[in-house]
4 protein chains.
Amino acid sequence: MAGTRQRNKDKLPVIIDAAKAVFARNGFYNSQISKIAKQAGVADGTIYLYFRNKEEILVRLFEHQVGSYILSLKEQLKQLDDARQRLSYIVDQHLQILEEDPDLARVFQLELRQPIAEIRKGIAPILHQYFQIIEDTVCLGQQQGYFDSELSAKLIRKIIFGSIDEVATSWVFSQKNYSLTSQAAQLIRVIFRGISK
Amino acid sequence: MAGTRQRNKDKLPVIIDAAKAVFARNGFYNSQISKIAKQAGVADGTIYLYFRNKEEILVRLFEHQVGSYILSLKEQLKQLDDARQRLSYIVDQHLQILEEDPDLARVFQLELRQPIAEIRKGIAPILHQYFQIIEDTVCLGQQQGYFDSELSAKLIRKIIFGSIDEVATSWVFSQKNYSLTSQAAQLIRVIFRGISK
Amino acid sequence: MAGTRQRNKDKLPVIIDAAKAVFARNGFYNSQISKIAKQAGVADGTIYLYFRNKEEILVRLFEHQVGSYILSLKEQLKQLDDARQRLSYIVDQHLQILEEDPDLARVFQLELRQPIAEIRKGIAPILHQYFQIIEDTVCLGQQQGYFDSELSAKLIRKIIFGSIDEVATSWVFSQKNYSLTSQAAQLIRVIFRGISK
Amino acid sequence: MAGTRQRNKDKLPVIIDAAKAVFARNGFYNSQISKIAKQAGVADGTIYLYFRNKEEILVRLFEHQVGSYILSLKEQLKQLDDARQRLSYIVDQHLQILEEDPDLARVFQLELRQPIAEIRKGIAPILHQYFQIIEDTVCLGQQQGYFDSELSAKLIRKIIFGSIDEVATSWVFSQKNYSLTSQAAQLIRVIFRGISK
DNA sequence: AATGAATGAGGATTCATTCAT
DNA sequence: AATGAATGAATCCTCATTCAT
């Protein structure tokens, strides 16, 4: 009804979704702009109406997905008073999101690790927001007397994020013949024991 | 004595060292073969007498460093009976090696994460040897009654490696105005608590 | 009127003509893509919008010239009933085309003889069409009772084509201080005598 | 008895034979010096004690084979008084030599056609000796009253050589499921008819 | 004479990006 | 806004050749 062409603002998410699929399938370096454009059903040049360059697609894909996730995460965490519940929720959701979207998992765990300054810098702000949420939760837990106050919240964040990240990466490399979220319970147990008073 | 041409044999380590420095300074993609050759004091073509292609340099650099490290690590671990001491030693050494060689740290924590199949596959065997050492140590600790036997050794390995790795990566990204090894004690403490009975 | 960028469509013949001139002047191996592009007034990369690789330029140059020649040749031959007239026309035209376009002659007689599989295979279909025309004409002449039916048409074709080809190649190597077509009459006389009843 | 190494002067023919085999198997451009050296059982550098460069190998291979053939050919021709017998012998032998040595045939009919000035110029003197033999024979035939004196001996030579050459090349390209020499009789018949009075 | 490790020039090709339409 | 033909920079790798041994 709306005509054969998409209306214009609709193209941004279309391109981002296309990029996610193409990056997941071919890797960043082997994902030519022309492939992404074809997958999105637009012309090569159209990509550049929405993105400055190829790196920005990866960065904005990250922002798009993680940015909105962080908003909803913050909302959810507000509902929970206990820092232990909050942390548990964070770990659970992190793994669940990746498990639900294998393309996203592949892009986040592998392709986003490009040692390209522009990409590293681009995702840093959002990533640090996420880090901050974890650190804040840890601090809350320390204030609530659940977590050991002698431990640096920043170090704990690294441990938590590093653990989740490695579990997720292993899963991406595996044949995915096991559930990622099934690892959440044990992972949380170890973390809690590790940082509790 | 010194002819215009270097004598053969000892070019391999020279090239590997040169590659480490150049990769650390410029990143893998911006490290042209000609740059590495110049740094090593050899001709471009000479590189290809020792390596099939650019990717192999990175892989062999990893093998070279980690391979020999694993050998000495195994020797050292034999000296220690207590799995807790062993694990402690592993974490300590891991961080120490990276701290002592910032170029190596940069290459390992950033450049080696290339989502290039050839590189991923190339480093996998050595990396898995290292993983195995950690898992074996964990299992030993479980047998010795120190670590919780209900936890999967593989999961624990992921937590341990993931934590170390994230701590190291953060350090590389930082201005390195703090000591990496100084984090070892707290890190080990958290891990031990997390996995103890 | 003329923008800075050429409009599309008519670049193919421009590139083919440029390639013919550059190949004739420098030989295939010494004709870098950049030379051809410069001669054609396009960018290096533009060549690859029209050709898969350098070899294909040579093949398509052959197809382009010979393909259309074969079409017109077939038309002309239809006008002639007598196989002797036809054969005479074939020889005449063959030499005339080369003489009229020395660049083409050089490319056909020398550069196209590259012992490169891709080139050999690429020109084979067209070349065999030409061979077929000669053989058909010979057969017709045998049916018309002009040519000796005991001789293999295929062998006669080899003799005819081989003779023309050698005459042409000699001319290309020479200073071209004699007319190529001037040899046609004697050549045809020898051939006719050779294959007549 | 003579030791494991060949005595020195023996290496020239060994290298030439190796080159012939390697060129025939891989083509000139894909026949790296190292391949030829390996096939000959010598070091790469040794090749350059006998040949100035790669092109010269091809040229000297030609000289080696054709030079000695021309000597023996001249001897044989002296035995024959009749120009027709002589010409017949030339054609026969030409085809026979190629049929007996498929590697040689491949190198002569394909690889030697390199449009490389150094090669073209290198083989020219020997090739022209051969051409001269044919032309001399034709002239003799004209003097003996067998061949039409109104035809240019040079043109006849081109027809004769071109025909043989095309027959030979076709055979090399074919699966060689037919005898090359079996074509000699018909070929000679056509030629004789073509140039007779 | 023989070796073979070392040299280094050279170029086809890709693909992110532009811009006339 | 959308197109997609055109651009052209940028580099890995090969391999003929050299020369210290």
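In the text below, chain A, chain B and the rest are named by the order of the sequence lines, each starting its count at 1.
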Item to complete: Return each pair, listed once, that meets salt bridge (charged side-chain N to carboxylate O under 4.0 Å, His left out) where at least one residue sits in residues 13-23 of chain D; pairs must be two or more places apart or across chains.
Response: D/Lys20-D/Asp101
Worksheet item: Could you write out DNA chain F as a dot-bracket string, with dots for unpaired bases, | for bases paired across to another strand, and Watson-Crick or G-U pairs counted at under 3.5 Å?
Response: .||||||||||||||||||||
Worksheet entry | Sequence-distant partners of C/Phe173, ring pair (Phe, Tyr, Trp, His ring centres under 6.0 Å), two or more places apart | none
Worksheet item: Rounded to the Å, how far apart are B/Glu118 CD and F/dC12 P?
Response: 14 Å
Practice prompt. List in numerical order all residues of residues 20-44 of chain D for which some heavy atom is under 4.0 Å away from an atom belonging to DNA chain F.
Written response: D/Gln32, D/Ile33
Fill in: Distance in angstrom units between C/Asn53 CG and E/dG11 P, rounded
17 Å
Item to complete: Round to a whole Å and report the spacing from CZ of C/Arg52 to C1' of E/dT14.
Response: 16 Å
Response to the item:
Between C/Lys54 and B/Ile47, whichever has its closest DNA chain E nucleotide further toward 5' is B/Ile47
Worksheet item: Can you tell me if the side-chain N/O atoms of D/Tyr48 get under 4.0 Å from OP1 or OP2 in E/dA2?
Response: no
Under 3.5 Å donor-acceptor pairs involving side-chain atoms of residues 118-126 of chain D, not counting sequence neighbours:
unit_1   : atom_1 : unit_2   : atom_2 : d
D/Glu118 : OE2    : D/Asn53  : ND2    : 3.1
D/Arg120 : NE     : D/Gln114 : O      : 3.3
D/Arg120 : NH2    : D/Arg113 : O      : 3.0

Practice prompt. Whole angstrom is fine here: how far is it from CD in D/Glu56 over to P in F/dT17?
Written response: 10 Å
Discussion item. Please report the distance, rounded to the nearest Å, between CD1 in B/Ile15 and P in E/dT7.
Written reply: 9 Å
Worksheet entry | ring pair (Phe, Tyr, Trp, His ring centres under 6.0 Å) involving B/Phe62 - partner list, sequence neighbours excluded | B/Phe108
Practice prompt. Compare all side-chain heavy atoms of D/Val107 with those of D/Phe28 and state whether any distance is below 4.5 angstrom.
Written response: no
Discussion item. Output the rounded distance in Å from OH (C/Tyr50) to C1' (E/dT14).
Written reply: 18 Å
Worksheet item: Between C/Thr46 and B/Leu49, which has a closest nucleotide on DNA chain E that is more 5'?
Response: B/Leu49
Worksheet entry | Any residue meeting side chain to side chain contact (heavy atoms under 4.5 Å, CB included) with D/Ala19, in chain and number order, not counting sequence neighbours | D/Phe23, D/Ile36, D/Ile57
Practice prompt. Scan residues 23-40 of chain D for pairs that pass salt bridge (charged side-chain N to carboxylate O under 4.0 Å, His left out), counting only residues two or more places apart or in two chains.
Written response: none
Worksheet item: Between C/Phe51 and C/Leu58, is any pair of side-chain heavy atoms under 4.5 Å apart?
Response: no
Fill in: Phosphate OP1/OP2 of E/dA5: any B/Lys11 side-chain N/O under 4.0 Å
no
Worksheet, complete the sentence: Applied to residues 50-62 of chain D, the salt bridge (charged side-chain N to carboxylate O under 4.0 Å, His left out) test, sequence neighbours excluded, yields D/Arg52-D/Glu56, D/Glu56-D/Arg60
